[in-house]
Amino acid sequence: MGEFQVHRVRFFAYVPAGIRCVAHSPRSARLALARTDGALEVYNFAANYFQEKGIPGHETRSTEALCWTAGDRLFGAGLGGDISEYDLEKLRVKYSLDGFGGPIWSMAADPSGTQLAVGCEDGSVKLFQVLPDKIQFERSLDRQKGRVMSLSWHPSGTRIAVGSIDLLRVFDVKSGHAIQRILVDRRLQGLYSRECVVWSVAFLSNGTIVSSDSVGKVQFWDSEKGTLLETHPVSSSAVLCLAVSEEEDSIVVGTSEGAVYQFQLLPVKWGSAESKWVRTKPFQHHTHDVRAVAHSATALISGGLDAQLVIRPLMEKVHGKGYDAALRKFTFPHRRLVSCAKKAGLLLFQFPQHLELWRLGATNSAGKDGDILPVSRAPEHLLQLKSKGPEHICCSCISLCGSWIAYSTASRLHLHRVHLENGSVSVKRVSKVPKLLCSAHQLLCSADSTSLFVASDQGAVHVLKLLEPGGCGHLQTLRPNSGSTEAVYLLAASADGDWLAAAGGDWEINVYSLRHFKPHCTVPAYNCAVTALAIHPVTNNLVITHSDQQVFEFSIPDREYTTWSRKVQQHGLHKGWLERDMPITHIAFNPKQPTHILLHDTHMFCILDKSLPLPDDATPLMNQTSLKQLSEKARRGHAHAFKICKKYQVSVLM
Amino acid sequence: MAMTRRRRAMLEKDVTAPEPPVGAAASSEDEEEDEAPEEVTFERARAAAETERRRAGETARRDKELLKEKRRRREELFKEQKKRKLLPENVLEELTSGPQINNNNLSDTTKQGENQDESENKNEGCNRGQDHEGGKQVVRLKGSYMAVRLKDHDLTSQHQKMAKDFVQSHLYGPGTNRTTANQFFSFANKKSPVKKAAVQFVNKSWGTEKKQKAKQFKKRWMSKKMVSSV
């Protein structure tokens with residue numbers, strides 16, 4: 001008899017959207033990423049590439065360009081013709097401004113961070129002034145024919161290189177006139193030639209312009225004389241994007257064949273002062289077009305239409321074998337998209353525009369460990385809830401008994417009462433959901449399904465009371481004592497309904513007492529992002545996992561770390577565990593074994609047994625298959641706390 | 001009418017003596033001797049003319065009244081239709097009380113159906129003038145609804161669509177030198193250490209014309225062979 005049954009859920013057909021553009025901020029070590037459905041994500045490189053923030057997409061918004069300016073302000077512009085600034089604390093678009101030049105193809109901030117240059121469909125380059133709380137139109141450079149596909153500032157901030165159709169231009173910012181016009185040659189193809197789109201340009205500080213075009217060439221131009229310096233045919237199809245390192249000795253380009261190439265400035269001979277750009281490394285990590293690349297100090301970053309974000313470290317820049325020295329690939333969001341109604345055996349899947357409710361399959365027979373049981377009742381698709389309007393769903397949840405479904409878009413919270421009576425499903429919308437001033441970032445139902453917790457801006461958590469037969473009312477708003485400005489993105493409630501833990505964007509975890517509706521305590525600050533939270537149903541211990549793979553256990557009644565957690569910290573976690581590349585996205589507990597903690601990330605599932613000794617670095621971390629071959633007695637001697645299963649391809653939630 | 005009068009005059013011929021009118025006699029006398037000119041007494045003629053005039057006037061009036069009635073009914077119908085098409089009154093009040101608005105939103109909603117009377121048309125005319133100069137105008141309503149002019153959105157979405165088409169054609173259009181799925185997988189198969197059967201994605205609908213032609217040709221060729229062998 002196996003310890004528990006595993007449902008293999010293969011009907012969650014979630015397709016992540018392709019990556020359209022990325023912007024890397026070396027100052028804050030963050031990467032902003034825009035997807036083709038208009039969603040925005042921010043990855044924190046300091047916190048092991050954890051997806052720290054996410055802004056849900058929008059039907060009509062399609063972001064074509066992103067840039068960081070003036071510290072940590074993030075701007076985006078798209079084919080809608082609007083320039084918008086993102087509010088990364090409240091996770092929404094702060095404001096939008098019409099560029100009045102048609103769809104916007106490109107945007108770049110000047111080196112000092114006071115101006116934004118925007119390239120429009122109508123052929124104009126517009127300058128916007130970045131003011132402390134807004135941006136303002138300043139002036140327009142001389143309008144030329146042809147859409148402005150790409151632009152780049154000279155590091156001195158006096159010139160702008162512009163890539164258009166069939167040509168490159170150099171503008172003088174002060175006068176606003178075009179001072180150089182360079183023709184880019186087309187590809188000869190039969191009798192007629194097809195126009196050449198300059199997809200990306202970069203202006204180097206020595207006056208060289210680098211361009212990548214639809215002919216498949218990376219070319220280097222002299223901006224003073226307007227002459228061609230070097231040509232590198234890279235691909236038989238288009239070269240779509242290009243990025244330069246800060247030292248200007250390395251360039252990364254992405255092609256529509258899914259290949260990424262690195263160019264390096266190397267001396268012609270050993271010790272000679274003359275140096276040349278050489279194509280050095282090809283990488284083929286993507287299956288589809290690479291629409292966006294970025295160059296950090298130690299890695300090449302590429303994002304493709306196959307929805308993968310690939311971070312490829314440059315071995316000569318990385319010292320030692322640390323976390324940064326491994327190739328990282330991210331496809332799925334580091335967020336919870338599935339919620340489970342444990343009592344009713346239902347799963348709720350969250351898609352950008354709709355929700356799906358499924359009933360799990362069942363089996364009559366029992367088997368040994370590792371047996372595949374025959375399914376007596378196939379999983380059943382019960383319900384599909386479509387959200388109205390152009391906004392995408394940002395979070396959803398189902399209550400444990402399966403009778404309430406809540407989801408939220410950027411502007412509204414929706415609540416539905418579900419009746420499941422012997423096979424028939426009926427849904428009733430709760431019409432009077434209390435109007436909350438701010439959007440919901442995470443939703444959670446309490447264990448007894450009487451209240452709904454709504455995570456909101458400024459560290460606040462709203463508690464809504466769920467009333468039978470289908471109503472709800474606002475009960476309380478919990479606010480932290482510290483006056484945090486960041487939005488809450490993780491919630492965990494205890495099974496007895498007494499405690500609620502909330503983690504915000506500043507990685508502070510507050511524990512509230514739900515009996516008195518006031519803050520109970522704060523977990524000691526730890527300088528890494530929180531990836532998952534859960535409260536143990538029996539002991540009321542809060543289990544926290546961080547993006548640097550640390551696991552903590554915090555006793556809420558005693559307001560301190562538990563002895564097991566201290567022991568783990570003294571002993572240190574296994575090296576293999578710390579070098580895993582995915583953050584733990586969900587924590588659960590085994591109801592039969594209170595010492596077991598179930599953890600999982602995208603690639604593995606782990607049972608952490610607190611009663612067993614912790615492994616040393618010398619013992620292998622993944623030892624389950626070798627343990628099976630040993631005798632019962634020897635197995636006990638070798639077993640350690642981490643029991644890991646990597647059988648499944650991608651798991652989004654357990 | 002002239003004909004009837006003449007006939008009546010001929011009937012009355014016997015009773016009254018002919019009194020040839022001075023002007024007419026000179027011309028008709030020499031041609032038709034026996035057909036005397038019409039002779040109507042002055043009174044009769046006057047009476048006839050009067051009744052005639054009265055009748056004509058009456059019919060005209062009746063026509064006019066009918067027309068009026070018809071017009072009134074149509075107008076009522078229009079009014080009712082207009083009322084039906086307009087938004088409810090409280091919404092209208094809300095719209096008019098909002099800041100910086102004119103009748104744009106109203107005229108947009110009422111424009112669709114019916115011909116309005118002149119005053120309305122004039123209103124619309126001036127509204128159209130304002131439409132050109134005004135930018136995006138958004139009126140906030142109670143709740144989460146917003147009244148927006150559709151025209152602006154059409155323009156931006158049209159631009160957006162054109163831009164998207166441009167990107168689409170340049171990324172995936174002809175001349176982009178993209179490999180086909182078959183080529184891609186055959187390369188992958190060649191490179192991979194594990195050799196598998198070739199992947200072929202073939203659509204049955206490809207080359208239907210050629211296939212048909214080939215079939216026809218084969219049939220014909222066969223029949224020709226058969227004939228020649230016999």
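Everything numeric here is computed off the predicted structure, so don't read it as measured data. Just so it is clear: chains get the letters A, B, ... in the order the sequence lines come, proteins before strands, and each one is counted from 1.
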Undergrad: Look at atom NZ of B:Lys213 and say whether more than 12 heavy atoms of other residues, nucleotides or ligands are closer to it than 6.0 Å.
TA: no
Undergrad: Considering only heavy atoms, which portion of A:Glu257 lies under 4.5 Å from any heavy atom of chain B: side chain, backbone, both, or neither?
TA: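 Nothing of A:Glu257, per the 4.5 Å heavy-atom cut-off to chain B.
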Undergrad: Are there more than 12 heavy atoms of other residues, nucleotides or ligands under 6.0 Å from atom OH of B:Tyr172?
TA: yes
Undergrad: Does any backbone or side-chain atom of A:Ser235 lie under 4.5 Å from a heavy atom of chain B? Answer side chain, backbone, both or neither.
TA: neither
Undergrad: Taking 4.0 angstrom as the limit, do A:Asp185 and A:Lys217 come out as a salt bridge?
TA: yes
Undergrad: Salt bridge between B:Glu69 and B:Arg72, side-chain N to carboxylate O under 4.0 Å?
TA: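 Salt bridge present between B:Glu69 and B:Arg72.
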Undergrad: Between A:Ile104 and chain B, with a heavy-atom cut-off of 4.5 Å, which part of the residue counts as in contact: side chain, backbone, both or neither?
TA: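 Interface part for A:Ile104: neither.
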